[in-house]
Amino acid sequence: MTPASLTPNRRRLGRTVTTRAAEAVLRALIYICGWLCIVILLAIAAFLVYNSVRSLREAGLTTMLSGMQWYPTSDPGRFGLAPLVVGSLLVTAVALALAVPVGIAAAVYISEFSGGAVKEVSKSVIEFLAAVPSVVYGLIGVAVLIPAVKDSFGLSSGMTALTGGIVLGIMSIPTVISISEDALHAVPVELRQGSAALGNTRWQTTYKVTVPAASSGIFASVMLGLGRAIGETMAVLMLTGNAAVMPHGVLESVRTMTGTIAAEMGEVVQGGLHYSVLFTVGLVLFAITFGINLAADLVLERQQRRWRR
Amino acid sequence: MVTAVRIAPDGTLSLEAPYVGEAKRSLAEVADIQGSFTLSDVSVAYGREVVIEGVDLFIPPRAVTALIGPSGCGKSTLLRCLNRMNDELGNVHVQGEISLDGQSIMGRAMDPVELRMRVGQVFQRPNPFPMSIYDNVAYGPRTQGIRRRSELDSLVEESLKGAALWEEVRKNLKKHAFELSGGQQQRLCIARALATKPEVILMDEPASALDPISTQQIEDTIAELRSSVTIVIVTHNMQQAARISDQTAFMLRESLDTPAHLIEVGDTKKIFTNPDDRRTESYITGRFG
Amino acid sequence: MTRLTRARRARATEQLARVVTGLAAAAVVGAAVFVVAYIVKNGAGALDVGFLTGAPRDRGRAGGIFPIIMGTIYVTVATAAFTLPVGVLAGVYLSEYAPRTFATRAIKLAITNMAGVPSIVYGLFGLAAFVLTAGLGRSLIASALTLTCMTLPVVITATEEALRQIPTDLRHAALALGATKLRTIRTVVLPAAAPGIITGSILGLARAAGETAPILFTGAVFQMRRLPDSPLSQFMSLPYHIYAQVTSVPGWNRTLVWGTALVLVGGVSIISVAAAVWRSIRRRKVTW
Ligand SMILES: Nc1ncnc2c1ncn2[C@@H]1O[C@H](COP(=O)(O)OP(=O)(O)OP(=O)(O)O)[C@@H](O)[C@H]1O
Ligand SMILES: [Mg+2]
C-alpha cells in the first residue's frame with residue numbers, strides 16, 4: 001500500500017514576491033546580455049567613426065585613400081593610405097595563394113579520404129595551429145623565413161611581402177580547412193551514395209558531387225581565411241619590414257594597415273591628426289572585414305538552409 | 001455520451017447528467033475531493049489549426065482515467081492542457097474551461113508553476129535529469145523550497161517506495177540516474193513526480209518505450225497509486241487500458257481536416273464490453289486506428 | 001575494352017587525387033610538427049627554475065619571466081571573470097529566450113561579425129572606449145575589457161551550441177515539476193551543458209591569453225618593477241614581451257625569447273588539451 005503521507009496535501013505552492021523579483025532581475029540581465037553584442041559592435045563602429053572625424057574633415061577620405069605617400073610625421077603630414085592598402089592586399093594575396101589550395105585540398109583529404117585516427121589527429125593538429133599565438137608565428141618567421149627568403153632570392157633584407165604572406169597563409173590555413181571540412185561533412189551521405197551507385201569512384205564523387213554541393217561553404221571558408229589574413233597584425237609587423245612606400249612586387253618590404261596602426265599608435269599625440277588618421281585606417285579595416293564576414297555569413301546561412309529538412 | 005459533473009467555484013456540486021462508472025462512489029467524498037478535473041467545451045489549436053474541439057469531460061479523483069484513440073487524435077495535446085504544458089510549446093491556444101477541484105486553471109486564474117506542483121507528469125520516454133537518483137527525486141521538493149535534509153530524505157524514500165523502486169536502489173541513492181535501466185528510469189520519473197505530492201499524475205504512454213516486464217512493473221505501480229492519486233494515462237495498448245483504468249475516454253479525429261472530438265467516455269468495463277458508439281467499438285476491436 | 005581503360009584511368013586519377021590531397025594534409029600536419037619541434041628545440045634550454053621564478057634583467061636579455069607570466073595570468077583571469085557570466089547569459093538568451101525573429105538574426109550576425117573584427121581594431125576600440133572615454137587609463141582592467149569584447153563571441157557561441165544539445169524533454173521534465181523557466185535553466189539545463197560551455201570558453205580564453213594587438217595600447221608594458229597590484233595598474237604579458245624583445249631590444253637573447261614562446265604555447269596548449277579531454281570524458285559518460 002502507498003504510504004499515507006503520499007496523499008496529496010494543500011501546501012501553499014505559489015511563488016513568493018522575493019523569488020518573483022529575483023527572477024525578474026535575472027531575466028532582465030539575460031535580455032541585456034543577449035543584446036550586448038549588437039551594442040558592442042555598434043560601439044566599435046561609433047568610436048572608430050568618432051575618432052576618425054578629424055582626419056576625414058581635414059584630410060578627406062578620398063584624398064587619403066588615393067594618396068600615394070605616407071609621411072605622417074613630416075610637416076604638414078602626408079596621409080596617403082594607398083601604399084598601406086596595397087601592402088595589405090599584396091600580403092593577403094600571397095597568403096591566400098598558399099592557404100586556399102593547400103587548405104581546400106587538405107580539407108578534401110580529411111573529409112573524403114581519411115577516417116578514424118588519421119581524421120581525429122589531423123583535426124586536433126589544425127586546432128593546435130589555430131591556437132598558436134600570432135606573435136609566435138612572427139617569431140618563427142623571424143628566425144626561419146626571413147633568412148630563407150633573403151638567401152634564396154639574394155636580397156639585402158628578407159623582410160618582404162612574400163615573407164609575411166607565407167606566414168599569414170599558414171595562419172589562415174586552419175580557418176580554411178575547418179570551415180571547408182564542415183561544409184564537406186554536411187553534404188548528405190545519400191548524395192554520395194547515389195553517386196557511388198552510378199559507378200563513380202570516390203574522387204569522381206568528390207569533384208562531381210560533394211565539392212559542388214559544398215561550394216558555398218568552401219567559398220565562405222576562403223572569405224573567412226581572407227578576413228583573418230587581412231586583419232592579422234603581429235606577424236606581419238614582425239616580418240614585412242614596414243616600409244611605407246608603394247610596393248612593386250612581393251619581394252619588397254611593405255607596410256600593412258594593421259601594422260601601421262600597431263607601430264604608430266604608441267607614438268602619436270592623442271586627438272591629433274595622425275591619431276585620427278590611424279582610426280580611419282582602423283575604420284577601413286573594420287569596413288572591409290565587416291563586408292567579408294557578412295558575405296561569408298550569408299553564404300553559409302544559405303548552405304545550412306539547403307541541408308536542413 | 002457526455003458526463004456532466006459541475007463543480008461550482010464555491011465548491012458545490014451538481015450533477016447534470018447521469019454519471020456512469022465506478023468513480024461514482026467518489027462522489028460521496030466530494031467535499032474534499034482532491035484531484036478532480038472538469039473540462040467543459042475545451043478546444044485546442046496549434047496556430048490556426050484546431051486539433052481538438054468541444055471536449056466535455058469529468059476526471060474523477062483518485063481513480064485512473066485512460067485516454068485512448070488513434071495516433072494524432074490529440075491525446076497528448078489534451079493531457080498537456082491539464083498541467084498547462086501546452087504553454088511551453090508556444091503557438092498553442094486552449095479555449096473553454098478547465099478546473100481542478102472547482103478552481104479554474106486557465107489563464108491568469110492559476111499560476112502554471114503552482115499548478116504543475118499539484119499536477120505531475122510522466123513522459124513517454126524516461127527523462128531523468130543527469131544527476132544522482134536522490135537528486136532526481138529531491139528536485140521537486142527542493143523547487144518547493146524544502147531544504148531540510150531529514151525531510152528530503154523521507155520524501156525521497158516515500159516517493160521511491162510509491163514508485164516501487166525503493167528496494168532496488170536504496171543502497172545506492174548517489175548513483176547517477178543514467179546508470180539505471182530504462183524501466184527503472186521510468187519508475188524513477190514516477191517517483192520524481194510523486195515527490196511533489198501531486199494531486200494528479202498525467203502519464204503519456206509511460207510504458208511504450210519499455211519491455212514487457214518493465215511495463216508490468218509500471219502497471220503494478222499505477223495500481224498501487226490509484227487509491228491515493230488521480231491518474232490520467234494515455235495509452236495505445238487496449239489491454240493495458242482495460243486492465244488498469246476505472247474510466248476510459250475515447251477520442252477520434254474523423255478526418256485530417258476536422259478537429260478531434262471526444263466520442264465516448266465511461267466506465268472502463270462498459271467501454272470495453274458494451275460501448276454505446278460504433279466508432280468506439282471498431283477502435284477497440286482493432287478495426288481502425 | 002574502352003570501358004576497361006576508362007575504369008583504369010579513373011582508378012589512376014583516384015590514386016593521384018589521394019596523393020595530392022594527402023600531401024596537402026601532410027604538409028599542414030608537418031607544419032604543426034615543425035612549429036612544436038622548433039619552439040621546443042630552441043626554448044627548452046631556457047627552462048629552469050630561475051627562468052620561471054625570476055624577474056627579467058638587462059631589458060629581458062637576462063633573468064626570468066615570472067612577473068610576465070603572472071601578468072598574462074592576471075589579465076586572462078580578469079577577462080574570464082567578465083566574459084564568462086556575460087557570455088553564458090547571452091548564450092542562454094539566444095538558446096532559451098530569443099524569439100525567432102529578425103532581431104535575433106541581427107544578434108547572431110553581430111556575433112559572427114564580432115568574431116571577424118581584426119584584433120588591432122579591438123585595440124583601437126579599447127583605447128578609445130576604455131582607456132580614454134571611460135577613464136580607466138592604460139590598465140589591466142582596460143586590457144581585460146578589450147579582450148572580453150574579443151572573446152565574447154566565442155563564449156556565446158559555445159554556450160548556445162552546448163545548450164542546443166540538451167534535449168527538450170529534460171526541460172519539460174523540470175517544468176512539469178513546477179520549476180520556473182529560470183530554475184529549469186539554472187538547475188538542469190546549464191549543469192548538463194557545462195562541459196561544452198567550459199571547454200569552448202577555455203579555448204577562447206586561451207586565444208585571448210596569446211593576443212598582443214588588443215593589449216598593445218590598452219595596458220601592456222615592456223618593463224615594470226612590481227607585479228600589478230590593482231586593476232588600474234599596467235602589466236607585463238608574454239606575447240607582448242616576445243614582440244618587444246624582437247623588435248626593440250638590440251641583441252635580444254634568443255634562448256630566453258624562445259623559452260618565453262615555449263611557456264606561452266605550452267601553457268595555452270596544455271589548457272586547451274586538458275579542456276578538450278575533459279569534455280570528451282564527460283561526453284562518454286553522458287549521452288542523450
Ligand atoms: N507542437 C505542435 N505543433 C503543431 N501541431 C502539433 C504539435 N503537436 C501536435 N500537433 C498536432 O496536433 C495533433 C494531435 O497531436 P497529439 O500529439 O496530441 O496526438 P496524440 O493523440 O498524442 O498522438 P500519438 O498517439 O501519436 O502520441 C496532430 O495532428 C499533430 O500533428
Ligand atoms: Mg501522444
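Proteins come first, then strands; the chains are lettered A, B, ... in the order of their sequence lines, and each starts at number 1.
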**Q** Can you tell me which of C:T260, C:L109, C:L203, C:L152 forms the most heavy-atom pairs within a distance under 4.5 Å of chain A?
**A** C:L109

**Q** What part of C:L127 is in contact with chain A, defined as an atom under 4.5 angstrom from a non-hydrogen atom: side chain, backbone, both or neither?
**A** side chain

**Q** Atom CD in C:E211, atom OG in A:S134: separation rounded to 0.5 Å?
**A** 5.5 Å

**Q** Can you tell me which portion of C:A7 sits under 4.5 Å from chain A's heavy atoms? Options are side chain, backbone, both or neither.
**A** neither

**Q** Please step through side-chain contact (heavy atoms from CB on, under 4.5 Å) for the pair A:I261 and C:F217, ending with a clear verdict.
**A** CA-CA 10 Å; A:I261 301 174; C:F217 15 84; 4.0 Å; yes

**Q** So, for C:A261 and A:V136, which heavy atoms are closest and what is the spacing to 0.1 Å?
**A** CB-CG2, 4.3 Å

**Q** Looking at chain C, which one of A:L285, A:I292, A:I40 has the largest number of heavy-atom pairs inside 4.5 Å, strictly under?
**A** A:I40

**Q** Measure C:A206 against the heavy atoms of chain A and call it side chain, backbone, both or neither at under 4.5 Å.
**A** neither

**Q** Quick check on A:Y50: does its OH atom have over 12 non-hydrogen neighbours (other residues, nucleotides or ligands) under 6.0 Å away?
**A** no

**Q** Of the backbone (N, CA, C, O) and the side chain (C-beta and beyond), which part of C:Y240 lies under 4.5 Å from a heavy atom of chain A, both, or neither?
**A** neither

**Q** Decide yes or no for C:L23 and A:Y109: does some side-chain heavy atom of the first lie under 4.5 Å from some side-chain heavy atom of the second?
**A** no

**Q** Is A:L129 close to chain C through its backbone or its side chain, or both, or neither, when contacts mean heavy atoms under 4.5 Å?
**A** side chain

**Q** Which one, C:L238, C:T133, C:V273, C:T104, leads in non-hydrogen pairs under 4.5 Å with chain A?
**A** C:T133

**Q** Can A:L48 and C:F125 be said to form a side-chain contact (heavy atoms from CB on, under 4.5 Å), step by step?
**A** CA-CA 7 Å; A:L48 291 177; C:F125 170 65; 5.7 Å; no

**Q** For A:A130, which atoms come within 4.5 Å of any heavy atom of chain C: side chain, backbone, both, or neither?
**A** both

**Q** What part of A:E232 is in contact with chain C, defined as an atom under 4.5 angstrom from a non-hydrogen atom: side chain, backbone, both or neither?
**A** neither

**Q** Where does A:Y31 contact chain C at under 4.5 Å (heavy atoms): side chain, backbone, both or neither?
**A** both

**Q** Give a yes or no on this: more than 12 heavy atoms of other residues, nucleotides or ligands lie within 6.0 Å of atom CZ of C:R138.
**A** yes

**Q** Counting only non-hydrogen atoms closer than 4.5 Å, does A:I30 touch chain C with its backbone (N, CA, C, O), its side chain (CB onward), both, or neither?
**A** both

**Q** Could you label the plane-to-plane angle of the A:W35 and C:Y93 rings as parallel, tilted or perpendicular, counting under 30° as parallel and over 60° as perpendicular?
**A** tilted

**Q** What residue in C:S269, C:A10, C:A129, C:A31 has the most heavy-atom pairs under 4.5 Å with chain A?
**A** C:A129

**Q** Chain C: which of A:V125, A:L29, A:T233 shares the most heavy-atom pairs with it under 4.5 Å?
**A** A:T233

**Q** Is it the side chain or the backbone of A:A43 that comes within 4.5 Å of chain C heavy atoms, both, or neither?
**A** both

**Q** Which of the residues A:G227, A:A262, A:A131 is involved in the greatest number of heavy-atom pairs with chain C at under 4.5 angstrom?
**A** A:A262

**Q** Identify which of C:V28, C:N42, C:L94 forms the greatest number of heavy-atom pairs closer than 4.5 Å to chain A.
**A** C:V28

**Q** In the structure I gave you, are the side-chain heavy atoms of C:L124 and A:L283 within less than 4.5 Å of one another anywhere?
**A** no

**Q** Could you check whether any side-chain heavy atom of C:V246 comes within less than 4.5 Å of a side-chain heavy atom of A:M238, counting everything from C-beta outward?
**A** yes

**Q** Just verifying a value: how many Å separate C:T112 OG1 and A:L300 CG, rounded to the nearest 0.5 Å?
**A** 9.0 Å

**Q** With respect to chain C, which residue among A:V121, A:V135, A:I104 yields the maximal number of heavy-atom pairs within a distance under 4.5 Å?
**A** A:V135

**Q** Starting at CG of A:L139, measure out to CD of C:Q245 and round the result to the nearest 0.5 Å.
**A** 10.5 Å

**Q** Let's test your reading of the structure: which of C:L182, C:V265, C:L132, C:N113 forms the most heavy-atom pairs below 4.5 Å with chain A?
**A** C:N113

**Q** Looking at C:I111, C:L89, C:V36, C:I120, which has the largest count of heavy-atom pairs under 4.5 Å with chain A?
**A** C:I120

**Q** Kindly say whether A:R202 contributes a backbone atom to a donor-acceptor pair with the side chain of C:E14 at under 3.5 angstrom?
**A** yes

**Q** Taking all atoms of both residues into account, what is the closest heavy-atom pair of C:G210 and A:P133, and its distance?
**A** O-CB, 3.3 Å

**Q** So which part of A:I38 gets closer than 4.5 Å to some heavy atom of chain C, the side chain, the backbone, both or neither?
**A** both

**Q** Looking only at heavy atoms, which two atoms of A:A105 and C:A24 are closest? And how far apart?
**A** CB-CB, 3.6 Å

**Q** Going by the side chain to side chain donor-acceptor pair (under 3.5 Å) test, name the single residue among A:E23, A:R27, A:R20 that passes it with C:T180.
**A** A:E23

**Q** Under 4.5 Å heavy-atom distance to chain C, tell me which part of A:I288 shows up: side chain, backbone, both or neither.
**A** neither

**Q** Specify which of A:T201, A:I44, A:V102 makes the most heavy-atom pairs with chain C at under 4.5 Å.
**A** A:I44

**Q** Give, as side chain, backbone, both or neither, the part of A:L36 having an atom under 4.5 angstrom from any heavy atom of chain C.
**A** side chain

**Q** Taking A:L237, A:L298, A:I32, A:T206 one by one, which has the highest count of heavy-atom pairs under 4.5 Å against chain C?
**A** A:L237

**Q** Which heavy atom of A:T289 sits nearest a heavy atom of C:G116, and at what distance?
**A** CB-O, 3.7 Å

**Q** Could you tell me which non-hydrogen atom of A:C33 sits nearest to which non-hydrogen atom of C:A90, and how far apart they are?
**A** O-CB, 3.3 Å

**Q** What part of C:Y38 gets closer than 4.5 Å to chain A, counting heavy atoms only: side chain, backbone, both or neither?
**A** side chain

**Q** Given a strict heavy-atom distance threshold of 4.5 Å, which part of C:R18 is in contact with chain A: side chain, backbone, both, or neither?
**A** both

**Q** With a 4.5 angstrom heavy-atom cut-off, could you sort out which part of A:A143 is near chain C: side chain, backbone, both or neither?
**A** both

**Q** So do the side chains of C:V117 and A:F290 get within less than 4.5 Å of each other, counting heavy atoms only?
**A** no

